[in-house]
Amino acid sequence: MFFTVLTIFPEMFDPFWEHGIVRRAIEGKIIRASAVNIRNFAEDRHQATDDRPYGGGSGMVMKPEPLAAAIREASKTMPGAKTVLLTPQGRMFNQQMARELASCGGLILVCGRYEGVDERICDDLIDYEISIGDYVLTGGELAGMVIMDAVTRLIPGALGGEDAAEKDSFSDGLLEHAHYTRPRIFEDREVPEVLLSGHHQEIERWRLESSLMRTLLKRPDLLEKRELPDQETEVLRRWGNQIEKILDCHRSPIKRS
Ligand code: 4HQ
């Protein structure tokens, strides 16, 4: 995977490239990454990358010529790469899109500042418009890092354990089960006994129920969207029956034993 970021603040990416799994992926040649200053493609003597909006109003707009030149140059050095514009008007980023982008080979990420980029850039030069969420950032750089981070960990070899990426939240539509490490007792709270038992089958069962319970309580929308395997249907049905039984006791208190 090859990432090229187009930005007027290329130094913002240095700490991102230099830490953790992203750093290791670069060192291990699993990914390549560079940030290119759009200002290098500005032609006027002030090297301006922004200008006043037609129609008036406050705020500035990214000039199209430097941006177009920067995108074309990056595309030339990365044939087949897809171009991504970070914008609140884009498709909402999710794990499925991360998987799709991870199969691209190359990504050119266009990070705007000010009020955004000249509309004529989007039409011809951009393959995907992506938003990382419904809030307003001061620039596309952080959004670009979010996307590169999520994509990098999906590239084979980027994570230590080969299957680790697929076990995480959302990869199969459920939230992760609870995690525990030493000490066995922390501030009077114990680690669930089954995790110390060495019974791998029971541990897998506990993890499935932990995943399901957390998803049900924190993100029920994920369960509504998802095709449920038989094993999960059975667990949910059992919980449902237990809850029904408890509610029944309260509907007819006479029956309570
Ligand atoms: N931006 N998801 C860049 C965002 C944003 C988002 C605001 C993008 C400012 C210039 N990008 N413009 N949300 O808030 O991707």
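Model, not experiment: these values are computed from the prediction. First listed ligand is number 1; within each ligand, the first listed atom is number 1.
For Glu43, the CD atom is loosely surrounded, since the number of other residues' heavy atoms within 6.0 Å does not exceed 12.
Between Phe13 and Phe16, the ring planes are perpendicular. Angles over 60° get that label, and only those under 30° would be called parallel.
A salt bridge between Arg113 and Glu141 is present, with a side-chain N of the basic residue lying under 4.0 Å from a carboxylate O of the acidic one. Under a 4.0 Å N-O distance rule, the pair Asp248/Arg251 qualifies as a salt bridge. Residues Glu190 and Arg184 are paired through a salt bridge, judged by an N-O separation under 4.0 Å between the basic side chain and the carboxylate.
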Is there any protein N/O under 3.5 Å from an N/O of ligand 1, and what does the full list of such pairs look like?
from     : atom 1 : to     : atom 2 : distance (Å)
ligand 1 : 2 (N)  : Ile132 : N      : 3.0
ligand 1 : 13 (N) : Gly133 : O      : 3.1
ligand 1 : 13 (N) : Tyr135 : O      : 3.0
ligand 1 : 14 (O) : Tyr135 : O      : 3.4
ligand 1 : 14 (O) : Leu137 : N      : 2.9

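With sequence neighbours left out, the side-chain contact (heavy atoms from CB on, under 4.5 Å) criterion links Asn40 to Asn37.
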